[in-house]
Amino acid sequence: VVSRGTPDAAAALVVVRAPCPGIPARAHDRVFGSFKQLDPHGTGHAGSGIGLALCKKIAERHGGRIWVESEPGEGAAFHVLLNLEAEGQP
């Protein structure tokens with residue numbers, strides 16, 4: 001896990017690296033859907049498929065966003081950008 005602020009201190013970026021088989025580019029948006037699971041390599045990882053969907057909702061409610069950077073065979077890095085300024089504040 002890596003975290004850092006943006007140069008203007010208005011946001012925080014958290015990056016979580018996952019040692020997984022990687023996620024094909026065509027599936028990057030799908031991993032954030034409710035009850036969605038990707039197991040293209042048949043590794044049998046279990047889960048409810050709600051974790052990343054919940055992370056997306058939390059990030060968006062805080063004025064931020066979440067995205068994944070990944071290539072098959074290279075693992076994945078999940079980036080969460082959170083707004084640190086209160087809404088309506090300079």
Side-chain angles (χ1 to χ4, degrees):
V1 175
V2 176
S3 65
R4 61 181 175 264
T6 58
D8 61 1
L13 177 65
V14 178
V15 180
V16 179
R17 299 197 187 280
C20 65
I23 302 167
R26 69 181 182 280
H28 285 188
D29 288 336
R30 286 190 307 159
V31 298
F32 299 105
S34 295
F35 305 108
K36 301 292 181 191
Q37 295 180 351
L38 300 178
D39 192 7
H41 305 285
T43 58
H45 288 119
S48 65
I50 197 157
L52 289 172
L54 182 59
C55 290
K56 181 179 179 187
K57 286 186 183 291
I58 291 169
E60 289 173 349
R61 295 267 169 101
H62 288 276
R65 65 187 189 103
I66 186 171
W67 69 95
V68 63
E69 293 178 357
S70 179
E71 294 290 331
E74 300 295 324
F78 294 90
H79 301 256
V80 182
L81 185 65
L82 299 172
N83 183 6
L84 296 178
E85 294 182 350
E87 192 170 312
Q89 298 292 317

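Residue numbers start at 1 and run along the sequence shown.
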Only distances under 3.5 Å count here; give the side-chain donor-acceptor pairs of residues 65-75 to other protein atoms, sequence neighbours excluded, each with its distance to 0.1 Å.
{"residue": "Trp67", "atom": "NE1", "partner": "Glu69", "partner atom": "OE2", "Å": "3.4"}
{"residue": "Glu69", "atom": "OE1", "partner": "His79", "partner atom": "NE2", "Å": "3.3"}
{"residue": "Ser70", "atom": "OG", "partner": "Ile23", "partner atom": "N", "Å": "2.7"}
{"residue": "Ser70", "atom": "OG", "partner": "Gly75", "partner atom": "O", "Å": "2.6"}

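Here the closest non-hydrogen pair linking Ala11 and Leu81 is CB-CD1, 3.9 Å.
At a threshold of 4.5 Å between side-chain heavy atoms, the hydrophobic network of Ile, Leu, Val, Met, Phe, Trp and Tyr places Leu54 and Val80 in two separate groups.
When each of Leu52, Val14, Val15 is tested with Phe78 by the rule side chain to side chain contact (heavy atoms under 4.5 Å, CB included), just one qualifies, namely Leu52.
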